[in-house]
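These notes concern the structure reproduced below.
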Amino acid sequence: MLNINSNRSAGRAATVRMCVFAALIVLSLTVSGQAVAKVKVVATLADLAWIAEQVGGDDVEVSFLCKGHRDPHFLPAKPSLARKLKKADLLVYNGLELEIGWLPLLLDAARNPRIRPGQQGELNCALALGEGEILEVPVGEVDRSQGDIHPLGNPHYLLDPRKGIAVGRLMADRLARIDPAAADRYRSRAEHLAREIESRMEDWEAQVDSLAVKKVIVYHQHWEYLVEWLGLEILGVIENRPGISPAPRHVEGLIELGRLQGPVLVIAATWDHIEAAGRVAEKTGSALVVLPGSTYATEEAAGYLDMFEVICGKLETAEETAEETGAEGGS
Amino acid sequence: MLVPARTLFLLMILSGLPALASAQSSTLTGASRSMNPAISVNGLIRGQTSRENPTGDLNGFKLDGVELQFISVVDPFWKANFNIGMHPAHAHDGEEDGHDEGMVVHVEEGYIDGQSLPGGLGLRVGKFALPFGKHAPLHMHQFPFSDAPVVIAAFIGDHIFSDTGALGTVTVPVPWYADFRIYGVNGDTMPFDAHNKNLVGGGRLTNLWDMTEDSTLELSGSYLHGPDARHPGENKSVDMYGADLTWKWVSSARTRGPALHMTVEAVLPDYEEGEGDPWGWYGLVQYRFHRNWWAGLAAGQADAGLDHHEEVPGHEDHDHGLEGDLREYKVNFTFVPSEFSSLRAEMVYYQDKVTMEDDLRFIVQANFTIGSHPAHLY
Ligand SMILES: [Zn+2]
């Protein structure tokens, strides 16, 4: 391959030949190191990893790419993450372009044909959403003047536990195809998970139902599915164009609206611009509620169900403090 | 490779017409849009003042570059990536007059990547950026400062370092992330003698360690061997050695929180025929001090390693033979309101330690991308 004909280069040519040889050895090692019983599942998000663990049980080995405390829109595409994808039998991801900034790069770097688009090992979990279940699908002409990260509609559907149930069933179906011997186990675990989520949902709904404040201002459009499920109302969004820092004029208008239509709760995820959300809360005399935006986002959100437990608990206690501060501000 | 800009534009427009004509995919006309590649266009616009203005064309506004990118899966076996760049003509682009206001069109990259090779092996065929160091493979719109470091411009070139051939990648089975890339290319680009039939061969070993959840250290080495452009037709070769160290820290707790990037890179060319011990380096720091704001500092050197000023033979048809000892110092501020645009203000001081010529430049640069442009790997 290398045509080297100067005398000085004879030693170099030998070096290059040795490198090729070493590369071939490495290659043969990589090929021979396969054949394991458990299905290796790699999830992009912590929520999906938790669901995959419940559905897969002992039949799978689950890892995930975006740690719970990170904003899933902006994960740095580190090569070490591509390494995790290399060995995956099944990739489960959120879809709706939530991971567009990093997953395609990691897939290319991973060079794993099993999880390429269209393969059995690639599962877009947004497929679990039925007709009309995707919120905020843009109508009319779409361009980036409206922000650059929710082009296919709001991708944060996992904050509705009912969608978690649907995703669990979707995963079970796919795992059953990849590993037919354990098909029944996957399906029965998914149903078990569904029953568990349903039984807990009643408590959470009752908890939030008792709130006097039903209006919220959110930092990023992260909470639409949660709000819809719990019967709350979004009065406004601080970061009104997803992925773009809000203009001061917009924030002022929102504060005005909050004052007129309050009391409200101001909701932000741990990774959001908390100071900006805090200012809105302060100026509208409302409470700022910093919530785990994902499973494992905080220590207490130690699972998908725990995350809802924390969210509903924090909303409840926040209202109490809001009433206190609101009373102080009003007098 | 030069293609008349007008012809290329015409071709592009023509090839896009059927797609534009049908708003929806149309099976019957055969003008379906559903298989169209992802298309993006990047533009770089610069305004500059130079105190000395040594080449006479450094003051004023200019379109620094336009890059068109087309990416698509070809079939189950290949994925293709084309990148066509239009940049202001330089003397080394074959123009008689370095001040030519025209643009030249380069096929910067045009390659296919194997999609289903066994054992996680990577194979790239076509014209691609050569993995030599950190800066040389960058497209202009990815540059951390407005211009390439003097060491890269002097020994490799001020554009993307791309050439035609084949590249293989293997993952090295070590506890950290490591990959080894090896390539053979034709040697059509600077610093290679395009008229020499000898191929260029090279490799790069990349090592990455996740120090913490938020920080990564990269230590890599590069090597290449090919015919030396400074002696056209004389069968002289050049060996190029490169080493680079990068430390990146990005706060994971906050979206657009603080971030710090540091890179040091050194390049040592070893010419079969040539005097002195040329070498060079640069170091840079970039810090995101506010959500949409970055500050950058850089210093660098490209030293021909000559004791005295001497004309290099064969130099006349190439204006990139380094003779002195160039130093550079840069500072910039970049405003990044979204992932698709940025504005930069930069101050650069150049000095040649041999001739004691120097220059001070102020640069403002706008960088924007439209269309479906993929993000860049970490
Ligand atoms: Zn979002």
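So that the names make sense, note that chain A is the first sequence line, chain B the second, and so on, each numbered from 1.
In this structure, B/L205 and B/V172 have side chains that are in contact, with non-hydrogen atoms separated by less than 4.5 Å. Residues A/V280 and A/I217 meet the side-chain proximity criterion, which asks for heavy atoms closer than 4.5 Å. Within the 4.5 Å cutoff, no side-chain heavy atoms of B/Y241 are placed close to those of B/L224.
If you look at A/W271 and A/H222, their ring centroids are closer than 6.0 Å. Aromatic ring centres of B/H261 and B/W247 lie farther apart than the 6.0 Å criterion allows. The ring of A/F64 has its center closer than 6.0 angstrom to the ring center of A/Y296.
For B/W209, no part sits under 4.5 Å from any heavy atom of chain A, backbone or side chain. Contacts between A/R241 and chain B at a heavy-atom distance below 4.5 Å are absent for every atom of the residue. Residue B/T206 does not touch chain A at all, counting heavy-atom pairs closer than 4.5 Å. Neither the backbone nor the side chain of A/L75 comes within less than 4.5 Å of any heavy atom of chain B. Residue contact with chain A, scored on non-hydrogen atoms closer than 4.5 Å, involves the backbone of B/V174 exclusively. Using a 4.5 Å cut-off between heavy atoms, B/K79 touches chain A through its side chain atoms alone. In this structure, chain B has heavy atoms under 4.5 Å from both the backbone and the side chain of A/H273. Heavy-atom distances place both the backbone and the side chain of A/R70 under 4.5 Å from chain B. For B/R254, the parts lying near chain A are the backbone and the side chain together; criterion is any non-hydrogen pair under 4.5 Å.
Ion pairing between B/R256 and B/E339 fails under the 4.0 Å rule for side-chain N and carboxylate O.
Between chain A and the residues B/G371, B/S116, B/P227, the largest count of heavy-atom pairs under 4.5 Å involves B/G371. Taking chain B as the reference chain and counting heavy-atom pairs below 4.5 Å, the highest number among A/K67, A/R116, A/R111 is found for A/R111. Each of B/S251, B/P175, B/G226 has some count of heavy-atom pairs under 4.5 Å with chain A, and the biggest count is that of B/P175.
A tilted orientation is assigned to the rings of A/H150 and A/H73, their planes being inclined by 30° to 60°.
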